[in-house]
A.B. asks: 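Just passing along the structure, written as structure tokens.
Each chain gets a letter, A, B and so on, in the order the sequences are listed, and its residues count up from 1. All heavy atoms count here, side chains included; hydrogens, waters and symmetry mates do not.
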Amino acid sequence: MLLIDVARVSELVSRTPARLGKVGHLAEILSRVTPAEAEIAIAYLSGELPQRQIGVGWRTLQDVPEPRQIATATLTQVDEALSTIKAQSGAGSQTARKTLVNGLLRGATRQEQVFLLRLLQGELRQGALEGVMIEAVAKAAGVTTAEVRRALTLRGWLPAVGAAALAGGVDALRAFTLEVGRPVSPMLAQSAPNVAAALTKIGVPAALEWKLDGIRVQVHRSGDTAAVFTRTLDDITAQVPEVVEAALALPAGDIVLDGEVLALRPDGRPEPFQITASRVASRTDVATARKTRPLTVFFFDALHIHGRDLLDLPGAERFAALGDVVPPSLLTPRLVTGDTAEAEAFFGDAVRHGHEGVVAKSLAAPYAAGRRGAGWVKVKPRHTLDLVVLAVEWGHGRRQGKLSNLHLGARDPETGEFVMLGKTFKGLTDELLAWQTTRLLELATGPTDSWVVTVRPELVVEIAFDGVQRSPRYPAGMALRFARVLRYRPDKRAEEADTVPTVRALML
DNA sequence: TTCCGACAGTGGGGTCGCAAT
DNA sequence: ATTGCGACCCCACTATCGGAA
């Protein structure tokens, strides 16, 4: 199969708004691929690469050469080219990558170039990624989506699962099993504005657990070896020896657990997220790092214990099984209640201890691996500030032609100037996006065709955020975490906006 | 007919390791 | 030595489609 065939289908999919239509187009091409090409085609058409990452980003993709007129590249040839690019290392590797990427693009037609550029930048923008591809695979292979999802849960890589389904149908899918040592896509949580809403969503009684502000880990222990994986299934075993030791101290046998790892201060309160992230990301001299910033792991779920898969069991039974193998000191603090007041008190306690909030969990729901299932709902406190728009950036994709990303500032009461605290593009409806584009163009102080449009600091906007963190980038040395727009405040003047000292008081 | 679950898209701050400058 | 890039941690929110109610 040729790359152009895939590029054409991608273009067709982006022009087809109906989800079922997209599924139909994708299934049609999947029914035509050879077994050797299936994994590549499924990966490309769901925005992935068989190589996962190849060390090429937006910068390497500047300077696109003139396209050819005739499309000749096969999927297999492109795949081999990408493997060669990934294999570059050492001095001169970035230059070599750029040369190889340019060579690949020079052999491509305009349509192939567009497809490759989007694919390599991770922005396919065809309105179909893994979720739609699951349905296309099911349709092309003549199996149910449930069978595909089940296999994907256990294997964690749709191109492999899809290729198996196309080649061997439902029997091939059923051959995927949970293997200790191979990570499973972790279950994710929805969110709710408060504890009462979370309990309504889940039903009572429910379990509440502290939401710890660290790194999600899936821990596999088999015999005298242990492996630790992140949310995206990356292996971080070498960076977190504390977790490995905790896993090896569990009763012998095969065990797969879900938990969170974080750095705690000597008094037991959590370090800021940045400290935990730094520790977990550091690969050099881990032995020294663990002395100054020790990590602690807390478990909250069990997927497999001693030869028994627990994924389909109710949450309450999985937690009971977890308690059988993990000492209480390594369990995430948890309360089972049907009483809203009691649940709210538990939430308040978690926050007072310096944690992010709570996750409310259904006692009945199975482990919905890889999905943002309704079985888990997180609740975090929300702060708000009235800030001033200092500048705004033009949007991409569906926000093309709209002023989108706001630069936010607080007032410095001593100078009367405004100090930037971060940006946000979140929380804007299409209507608000249109309104702010018009309004901010009226306030523009410089050229409006540049990427960043600076404006007179007059417009006040109410911003919600999760907290204030130390920043090496912004002038006040602090930035907002997860800032999003709640509403504009046309009733407020910039002089009435919140001040830098107010924000600084929140950075504790 | 209306409601709602699941997805895709649009980007945010911060950190590390490595290559280039 | 410093800077820039790519990858990966954490992530919120809206629009849309289509099945559920």
A.B. asks: Classify the nucleic acid contact of A464(A) as base, sugar-phosphate or nothing, counting any heavy atom under 4.0 Å across all strands shown.
C.D. replies: nothing

A.B. asks: Identify whether NZ of Lys or CZ of Arg in R182(A) sits under 6.0 Å from the centre of the six-membered ring of W157(A) and within 45° of that ring's axis.
C.D. replies: no

A.B. asks: Going 5' to 3' through nucleotides 11-21 of chain B, assign each nucleotide B (protein heavy atom under 4.0 Å from a base atom), S (under 4.0 Å only from sugar-phosphate atoms) or - (no protein heavy atom that close).
C.D. replies: BBSSSSS-SS-

A.B. asks: Going by heavy atoms closer than 4.0 Å, what residues in residues 231-242 of chain A are next to DNA chain C?
C.D. replies: R231(A), T232(A), D234(A)

A.B. asks: Give one of base, sugar-phosphate or nothing for T60(A), where a contact means two heavy atoms less than 4.0 Å apart.
C.D. replies: sugar-phosphate

A.B. asks: Whether R398(A) and D430(A) form a salt bridge (side-chain N of Lys/Arg under 4.0 Å from carboxylate O of Asp/Glu) is what I want to check.
C.D. replies: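 Yes, D430(A) and R398(A) are salt-bridged.
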
A.B. asks: Any Lys/Arg nitrogen of D466(A) or R484(A) sitting under 4.0 Å from an Asp/Glu carboxylate oxygen of the other?
C.D. replies: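 Yes, D466(A) and R484(A) are salt-bridged.
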
A.B. asks: Send over the distance from R149(A) CZ to dG5(B) P, rounded to a whole Å.
C.D. replies: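 Between P of dG5(B) and CZ of R149(A): 15 Å.
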
A.B. asks: Have a look at K380(A) and say if it touches a base, only the backbone sugar-phosphate, or nothing, with a 4.0 Å heavy-atom cut-off.
C.D. replies: sugar-phosphate

A.B. asks: Check this for me, if you would: do D301(A) and K361(A) make a salt bridge, where the nitrogen-to-carboxylate-oxygen distance has to be below 4.0 angstrom?
C.D. replies: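 Salt bridge: no.
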
A.B. asks: Select base, sugar-phosphate, or nothing to describe what V485(A) touches, counting heavy atoms under 4.0 Å on all strands.
C.D. replies: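 Since no nucleic acid heavy atom lies under 4.0 Å of V485(A), the category is nothing.
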
A.B. asks: Provide, to the nearest angstrom, the distance between the CG atom belonging to D430(A) and the C1' atom belonging to dA8(B).
C.D. replies: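 Atom CG in D430(A) sits about 14 Å away from atom C1' in dA8(B).
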
A.B. asks: For a quick check of understanding: with a heavy-atom distance under 4.0 Å over all strands, which category does V132(A) fall into, base, sugar-phosphate or nothing?
C.D. replies: sugar-phosphate

A.B. asks: What are the 5'-most and 3'-most nucleotides of DNA chain C lying under 4.0 Å from any heavy atom of chain A?
C.D. replies: dC5(C) to dG19(C)

A.B. asks: Could you walk me through whether E209(A) and R334(A) pass salt bridge (Lys or Arg N to Asp or Glu O under 4.0 Å), step by step?
C.D. replies: CA-CA 4 Å; E209(A) 292 170 359; R334(A) 174 175 162 118; 2.8 Å; yes

A.B. asks: On DNA chain C, does the nearest nucleotide to R398(A) precede the nearest nucleotide to K378(A) from the 5' side, or the other way round? Give the residue.
C.D. replies: K378(A)

A.B. asks: For R150(A), does the CZ atom have more than 12 heavy-atom neighbours from other residues, nucleotides or ligands under 6.0 Å away?
C.D. replies: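 Yes, because the 6.0 Å sphere around CZ of R150(A) holds more than 12 heavy atoms from other groups.
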
A.B. asks: In the strands shown, is dC8(C) matched to any nucleotide by a Watson-Crick or G-U wobble pair with both distances under 3.5 Å, and which?
C.D. replies: dG14(B)

A.B. asks: Is a side-chain donor or acceptor of D386(A) paired with a backbone partner of A497(A) at a separation under 3.5 angstrom?
C.D. replies: no

A.B. asks: Do H396(A) and W451(A) have their ring centres less than 6.0 Å from each other?
C.D. replies: yes

A.B. asks: Whole-Å distance between dG5(B) C1' and W376(A) CH2?
C.D. replies: 19 Å

A.B. asks: Taking the nucleotide of DNA chain C with the nearest heavy atom to each, does T230(A) or G57(A) sit closer to the 5' end?
C.D. replies: G57(A)

A.B. asks: Check every strand shown and say whether K402(A) touches a base, only sugar-phosphate, or nothing at a heavy-atom separation below 4.0 Å.
C.D. replies: nothing

A.B. asks: Quick one: closest heavy-atom pair of W376(A) and R216(A), and the distance?
C.D. replies: CZ3-NH2, 3.5 Å

A.B. asks: Please report the closest heavy-atom contact between A263(A) and I275(A), naming both atoms and the distance.
C.D. replies: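 Taking A263(A) first and I275(A) second, the nearest heavy atoms are CB-CG2, 4.2 Å.
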
A.B. asks: Could you state the NZ-C1' distance from K22(A) to dC7(B), rounded to the nearest angstrom?
C.D. replies: 11 Å

A.B. asks: Please work out if K86(A) contacts a base, only the sugar-phosphate, or nothing of the nucleic acid, heavy-atom cut-off 4.0 Å.
C.D. replies: nothing

A.B. asks: Between E135(A) and K139(A), is the closest basic N to carboxylate O distance under 4.0 Å?
C.D. replies: no

A.B. asks: Closer than 3.5 angstrom, by distance alone: can the side chain of Q126(A) be matched with the main-chain N or O of A128(A) as a donor-acceptor pair?
C.D. replies: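 Answer holds: yes.
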
A.B. asks: Need one value for E260(A): base, sugar-phosphate or nothing, where a base atom within 4.0 Å counts as base even if backbone is also close, heavy atoms only.
C.D. replies: nothing

